[in-house]
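Basis for what follows: all heavy atoms, side chains included, without hydrogens, waters or symmetry-related copies. Here is how names work: the chains are called A, B, and so on, in the same order as the sequence lines, proteins then strands, and each is numbered from 1.
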Amino acid sequence: MLNQLANLFMETGFTMLTYKHIIMIGIACLLIYLAIVKEYEPLLLLPIAFGMLLVNLPGGNLMEEGGLIYWFYKGVELGIYPPLIFLGIGAMTDFSPLLANPKTILLGAAAQLGIFLTFIGALFLGFSPQSAGAISIIGGADGPTAILTASILDKELLPAIAIAAYSYMALVPIIQPPIMKALTTPEERAIVMGQLRTVSQKEKIIFPVVVTIVTVLILPTAAPLIGMLMLGNLLKESGVVERLSKTAANELINIVTIFLALSVGATATAERFLQWETIKIIFLGLFAFSAGTAGGVLLGKLMSLLTGGKVNPLIGAAGVSAVPMAARVVQKVGREANETNFLLMHAMGPNVAGVIGSAVVAGLLIAILG
Amino acid sequence: MLNQLANLFMETGFTMLTYKHIIMIGIACLLIYLAIVKEYEPLLLLPIAFGMLLVNLPGGNLMEEGGLIYWFYKGVELGIYPPLIFLGIGAMTDFSPLLANPKTILLGAAAQLGIFLTFIGALFLGFSPQSAGAISIIGGADGPTAILTASILDKELLPAIAIAAYSYMALVPIIQPPIMKALTTPEERAIVMGQLRTVSQKEKIIFPVVVTIVTVLILPTAAPLIGMLMLGNLLKESGVVERLSKTAANELINIVTIFLALSVGATATAERFLQWETIKIIFLGLFAFSAGTAGGVLLGKLMSLLTGGKVNPLIGAAGVSAVPMAARVVQKVGREANETNFLLMHAMGPNVAGVIGSAVVAGLLIAILG
Amino acid sequence: MLNQLANLFMETGFTMLTYKHIIMIGIACLLIYLAIVKEYEPLLLLPIAFGMLLVNLPGGNLMEEGGLIYWFYKGVELGIYPPLIFLGIGAMTDFSPLLANPKTILLGAAAQLGIFLTFIGALFLGFSPQSAGAISIIGGADGPTAILTASILDKELLPAIAIAAYSYMALVPIIQPPIMKALTTPEERAIVMGQLRTVSQKEKIIFPVVVTIVTVLILPTAAPLIGMLMLGNLLKESGVVERLSKTAANELINIVTIFLALSVGATATAERFLQWETIKIIFLGLFAFSAGTAGGVLLGKLMSLLTGGKVNPLIGAAGVSAVPMAARVVQKVGREANETNFLLMHAMGPNVAGVIGSAVVAGLLIAILG
Amino acid sequence: MIKEVIIIEKLAYGLNLTLIGLGTVFFVLFLLQMVMKAQEMLFAKKTAKQTGAMMDLDVNSESQKVANEQAANYNDDMQANILAAITAAISIYIEGQQRSYKVVSVRKVWDKEASQAWTLTGQQNILSSRDSF
Amino acid sequence: MIKEVIIIEKLAYGLNLTLIGLGTVFFVLFLLQMVMKAQEMLFAKKTAKQTGAMMDLDVNSESQKVANEQAANYNDDMQANILAAITAAISIYIEGQQRSYKVVSVRKVWDKEASQAWTLTGQQNILSSRDSF
Amino acid sequence: MIKEVIIIEKLAYGLNLTLIGLGTVFFVLFLLQMVMKAQEMLFAKKTAKQTGAMMDLDVNSESQKVANEQAANYNDDMQANILAAITAAISIYIEGQQRSYKVVSVRKVWDKEASQAWTLTGQQNILSSRDSF
Ligand code: NA
Ligand code: NA
Ligand code: NA
């Protein structure tokens with residue numbers, strides 16, 4: 001019996017526990033704290049952190065072949081979860097602000113600058129092109145896009161990239177304002193934009209179909225993300241399949257989010273996460289968000305110039321996506337400069353354009369580097 | 001760099017686009033239009049059409065091994081989705097009208113005539129018995145049954161059969177009335193049917209259990225469809241597992257519908273769909289619906305004769321299933337003949353009987369031809 | 001044609017029907033009756049019974065490789081469903097009563113006595129240690145725990161164990177009161193317990209994290225059950241991811257319950273179920289519940305003694321889990337002895353502790369015998 | 001199986017299948033008709049064929065009953081009804097995404113509120129909403 | 001592919017990708033801008049730029065309409081409105097977890113209740129809630 | 001492993017497992033008890049043991065508060081409450097299957113409606129309901 005007790009004790013996690021596990025458990029608890037108390041993107045970061053916790057309690061083997069989260073992870077490995085999240089996002093997204101002011105879509109392109117500058121930066125920090133591509137997509141400020149791209153280009157870096165992406169999305173209200181203010185004059189920030197035109201239902205219905213055709217024809221590798229995003233939107237805007245769009249935007253996306261986040265978190269083993277690469281990714285991610293914001297604002301300034309001051313350059317900052325946080329930041333900064341300024345709906349245009357933009361870039365990176 | 005651009009351009013869908021793709025994209029857009037504007041069975045036809053669109057944008061490879069919809073399609077291939085749809089349909093179906101008037105169940109048998117006459121027709125048009133069986137099931141006027149049968153007997157024809165089945169279900173208000181009127185006299189159509197008796201909860205609970213036992217014992221191959229349909233109905237009628245029956249009738253069926261329809265649509269590649277067979281299937285499908293309607297109405301006439309005019313023969317037309325559209329058509333045609341005529345609940349009996357009837361025929365076709 | 005009819009007749013279930021099938025169909029119908037009319041744990045027993053019915057209608061082959069329920073069963077085989085049920089249970093469970101009175105957690109340990117005494121009993125009835133372990137877990141009074149353990153230790157016995165576990169959970173109001181009364185004096189049963197302190201939200205949030213760390217470190221094999229239970233609870237208590245906790249506690253658990261119960265029921269083939277082992281399991285299960293109840297009550301008496309009569313020993317009976325039925329039984333028996341006695345919330349402490357307790361024991365049995 | 005058969009063979013094959021098929025489906029559905037007839041004789045409500053109350057479609061039976069009751073004492077209890085409506089509406093407004101049992105318990109708590117802040121019976125109501133899995 | 005390259009090569013590679021990448025994303029999004037412009041010319045509502053009614057966000061349009069209507073005849077139909085609110089609230093209270101269409105049908109049945117216990121039209125309303133799959 | 005063992009061996013094996021098993025489960029649950037004790041000392045509310053307010057079961061705390069508030073100014077704001085109830089009931093009637101946040105926003109919009117048709121603040125309310133994934 002003593003023998004058995006000894007054997008059992010050998011199987012406990014305590015005997016296998018190393019200082020690395022303890023650090024990882026600490027990081028997981030910190031992320032749980034940030035998700036709950038600071039409300040850092042809790043929908044993703046809370047289950048990610050819990051997955052990280054579970055996988056770093058030694059002996060559980062939940063990620064070993066046949067383990068529970070090993071099965072959940074299949075949906076990440078096969079590239080199924082991120083498009084399903086996009087299906088739900090599509091069913092929640094209203095493209096009206098973009099349709100009402102088409103030129104703001106270009107701000108969603110300019111904000112992708114952050115991705116490419118980060119790519120160059122990552123190359124210089126010694127990453128391979130594949131790893132650099134995976135890291136740079138953090139600048140897309142879009143969780144599912146980042147997870148899909150990283151899982152294809154370099155899955156070793158997946159947990160660090162996912163955590164960095166969601167953390168910086170939560171930190172958008174801290175990261176963006178200084179850059180926005182540094183690049184604009186108080187007069188520019190005070191620009192009031194005219195009311196948006198009414199968008200007909202017909203336009204809203206045709207839009208997702210045309211976006212799918214145009215985007216997938218040019219960049220077939222963007223099909224899973226763009227296709228599902230636009231299918232979700234079509235289900236919503238069509239108005240005839242409400243039960244499908246509601247389910248896509250609620251129960252289906254919730255179920256997939258639990259599985260996705262838990263299994264992404266569970267890839268964050270100590271061996272994989274406690275590396276210099278993680279530190280580098282954290283810095284590169286911050287740079288990516290900053291550069292993307294700058295890219296958007298700078299094109300905003302150019303647009304302001306060309307339209308004779310009809311565009312408030314701040315709305316360019318929303319082009320990074322981080323929906324709807326970045327648009328709210330624009331609203332706040334705009335109102336600081338001018339009490340009567342309501343930029344929210346104008347910022348929603350580049351904001352949703354940024355989702356399309358980074359999905360296009362993801363398709364491109366996968367096509368070139370994948 | 002020019003080299004890379006050239007390579008990238010080679011990977012775009014434009015370079016691979018043929019006139020066949022363009023035709024298929026056009027058909028997909030037409031179906032989207034019909035689903036949204038004409039409300040042709042949008043729950044299925046809208047995602048089917050979108051799947052068709054996605055798979056005909058070349059290069060996306062969503063149906064190639066490892067592609068996104070390739071994984072969704074597994075649920076069709078393994079025969080999982082249609083029974084799950086039936087689970088939800090069972091949890092939505094009220095068999096009271098049938099239980100209140102048991103003899104109307106035979107109208108649900110007579111309307112299967114369409115299936116068998118179509119089978120003969122398909123043989124003469126040169127189809128193999130397997131293909132003919134798959135095509136003939138369109139006459140069952142029941143989407144999940146048609147998809148399951150076609151995916152087993154001849155999956156090459158699956159997209160055409162599914163699209164024909166749902167299209168004609170949407171067209172029931174146009175297809176059925178002329179046939180109904182041609183086969184009945186105004187006096188017959190004006191027959192008012194007596195009020196239905198009250199059905200006790202006990203009868204409603206026992207019914208699904210007995211149907212399962214009787215049907216599966218006689219025709220074991222009908223087990224997946226009949227078994228799930230009756231499980232769903234038992235969950236609903238039992239009254240003790242409301243949370244399960246609600247989920248089966250809402251979120252579960254919605255999720256499965258998205259996956260099923262998207263992946264059935266994605267089987268409609270140009271090579272497979274732009275064939276003479278598709279044209280033939282469209283004609284055979286129309287014939288199947290017409291012959292089924294005639295079969296039901298003719299037995300209705302016989303019943304009317306035998307009961308001394310207590311049965312309005314129109315309700316036989318509802319035996320094709322196409323729930324609840326065919327029953328509404330009966331109500332409308334009946335009211336045209338007699339303002340005070342309310343046939344709706346009487347037509348619901350053969351209507352739900354038709355679902356059981358075509359599932360039985362599907363089991364038979366699979367047993368003999370599969 | 002006669003030939004074909006003969007062949008078809010050969011394929012009907014009637015020709016394959018044996019008296020064993022008829023007995024199994026009878027048992028399935030009895031369970032359906034108990035689930036609906038007597039409300040014996042209908043959420044599980046109704047679909048379990050229907051699965052049993054389907055698999056005993058010969059020829060359906062739903063559990064053969066490629067059959068419908070064969071695929072559903074994969075989630076049992078891979079150990080996926082029970083942890084997902086626990087995720088939902090966690091999102092429904094309120095640990096406040098336990099946090100308000102921490103010492104009652106030990107009652108949830110004492111009630112596991114039933115498991116171990118049953119293990120010894122099963123050894124003496126000739127079962128192998130693995131089988132004995134699988135059977136003894138019935139004493140955990142927790143369906144998902146029993147199903148997971150039995151599917152790992154001895155899947156031949158799975159259906160009998162699952163049915164016994166849920167049946168006795170439904171019979172707790174009949175099994176427990178005599179034992180509770182036999183082991184306590186009227187004075188003990190009349191003890192009024194003081195009001196519970198208020199539990200802060202902070203405690204409720206930290207609790208699931210700490211339970212996960214402590215339990216999984218000591219017993220890594222308990223990780224799937226405890227990890228998911230605590231994740232569900234954390235999602236609920238965090239208050240920041242309501243859409244995830246609602247989905248886990250509703251649609252997700254409902255969907256998984258349908259698949260789990262249907263496929264567990266479908267393992268109950270005549271060959272497997274109509275064995276002496278099944279009879280033995282039924283007796284051992286009853287013994288397990290009784291011994292568990294006694295274990296809890298006896299520690300309750302000791303606690304009552306040590307605290308100078310501040311603990312009503314009845315609440316120990318709730319330590320078997322069977323949430324929330326066992327706690328309600330405590331309330332009822334307590335009130336019989338003293339009209340002013342409200343033990344419900346005090347019994348909820350050991351009740352939820354029993355869930356943790358039996359998950360720990362399951363982990364232990366899997367570690368030692370698996 | 002058969003590839004090139006002459007017309008007569010195809011027709012024979014097709015009619016053969018039609019006969020077997022229609023025979024089977026009529027046989028099965030006729031059996032079910034007999035089952036339903038038997039059920040009717042055993043279980044049918046004696047109060048059938050009442051005018052104006054044809055089918056007890058379960059969707060409505062319960063609501064109807066309550067509606068009738070409410071209608072009955074509408075004038076007497078107008079104030080109480082308004083109160084109930086407001087309470088229910090507000091609780092739905094607050095509880096939102098949460099499900100029925102919550103609304104039920106909230107209303108019960110409201111009833112209790114009138115007399116006592118938070119009773120143990122209230123706890124029991126809440127507890128009973130936990131389904132067992 | 002490339003492991004050890006000198007700085008100039010990395011920079012060239014990175015700038016290369018940046019040009020191709022930004023070029024592609026601007027090209028695609030510019031095409032989409034043109035598409036939207038074309039749509040605007042074809043389908044845009046003529047009543048645009050009305051003050052105070054900027055975006056017909058579908059979330060609210062319907063509710064607003066009803067709310068407006070309700071507000072309009074609020075004084076006239078106060079009694080009826082209270083009745084409707086009570087009915088709706090009660091039916092929600094009862095039906096709970098059940099979904100929208102039930103509440104809808106319940107209210108319709110209530111309307112019927114006033115005149116007739118249970119009409120066939122009522123059945124039709126209920127029936128029409130069955131989606132076809 | 002073991003197939004044919006004599007009674008004493010079975011008993012020894014069983015008791016052995018019982019001791020290890022009960023020992024382990026008591027050990028784990030005792031540790032958790034200590035954890036809870038520690039938590040209590042660190043975080044427990046000071047306002048504990050108030051009569052009539054025992055457990056802040058989160059299911060009800062919020063509703064209770066609102067109910068209390070509503071009860072407080074019931075007589076004063078009767079009209080307003082009826083209006084709110086009607087609005088909420090109607091919006092639920094209309095929105096049906098849609099979820100809580102919609103109903104919430106609808107009511108906010110209604111509030112705005114009284115003063116202004118469609119304000120930008122209203123847009124912000126709606127926007128804030130979009131969860132970020
Ligand atoms: Na982006
Ligand atoms: Na049919
Ligand atoms: Na237990």
Please flag which part of [X] lies under 4.5 Å from any non-hydrogen atom of chain C: side chain, backbone, both or neither.
X      : value
B:I213 : both
B:P224 : both
B:M228 : side chain

Between [options], who has the most heavy-atom pairs with chain C when the cutoff is under 4.5 Å?
options                        : answer
B:A367, B:A222, B:G79          : B:A367
B:L364, B:T221, B:V209, B:T212 : B:T212
B:S238, B:G363, B:A248         : B:S238
B:L252, B:I218, B:L84          : B:I218

Top contributor to chain B interface from [options] [non-hydrogen pairs under 4.5 Å]:
options                     : value
C:L57, C:L46, C:I32         : C:L57
C:N56, C:V37, C:I258, C:I69 : C:I258
C:N61, C:L17, C:L53         : C:L53

Distance from [X] atom [atom1] to [Y] atom [atom2], nearest 0.5 Å?
X      : Y      : atom1 : atom2 : result
B:L217 : C:T15  : CG    : OG1   : 9.5 Å
C:F259 : B:L87  : CZ    : CG    : 7.5 Å
B:R243 : C:I253 : CZ    : CD1   : 6.0 Å
B:L234 : C:I36  : CG    : CD1   : 4.5 Å
C:W71  : B:L78  : CH2   : CG    : 5.0 Å

Does a sphere of radius 6.0 Å around OH in C:Y70 hold more than 12 heavy atoms from other residues, nucleotides or ligands, not counting ones at 6.0 Å or beyond?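 Correct, the count exceeds 12.
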
Could you tell me which portion of [X] (side chain, backbone, both or neither) has an atom closer than 4.5 angstrom to a non-hydrogen atom of chain B?
X      : result
C:A35  : backbone
C:L68  : side chain
C:I255 : both
C:F72  : side chain
C:L43  : both
C:Y40  : neither

Would you say B:T247 and C:T257 make side-chain contact, with heavy atoms under 4.5 Å?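 No. Closest side-chain heavy atoms not under 4.5 Å.
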
How close do B:P220 and C:G60 get, heavy atom to heavy atom, and via which atoms?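 Taking every non-hydrogen atom into account, CB-N, 3.6 Å.
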
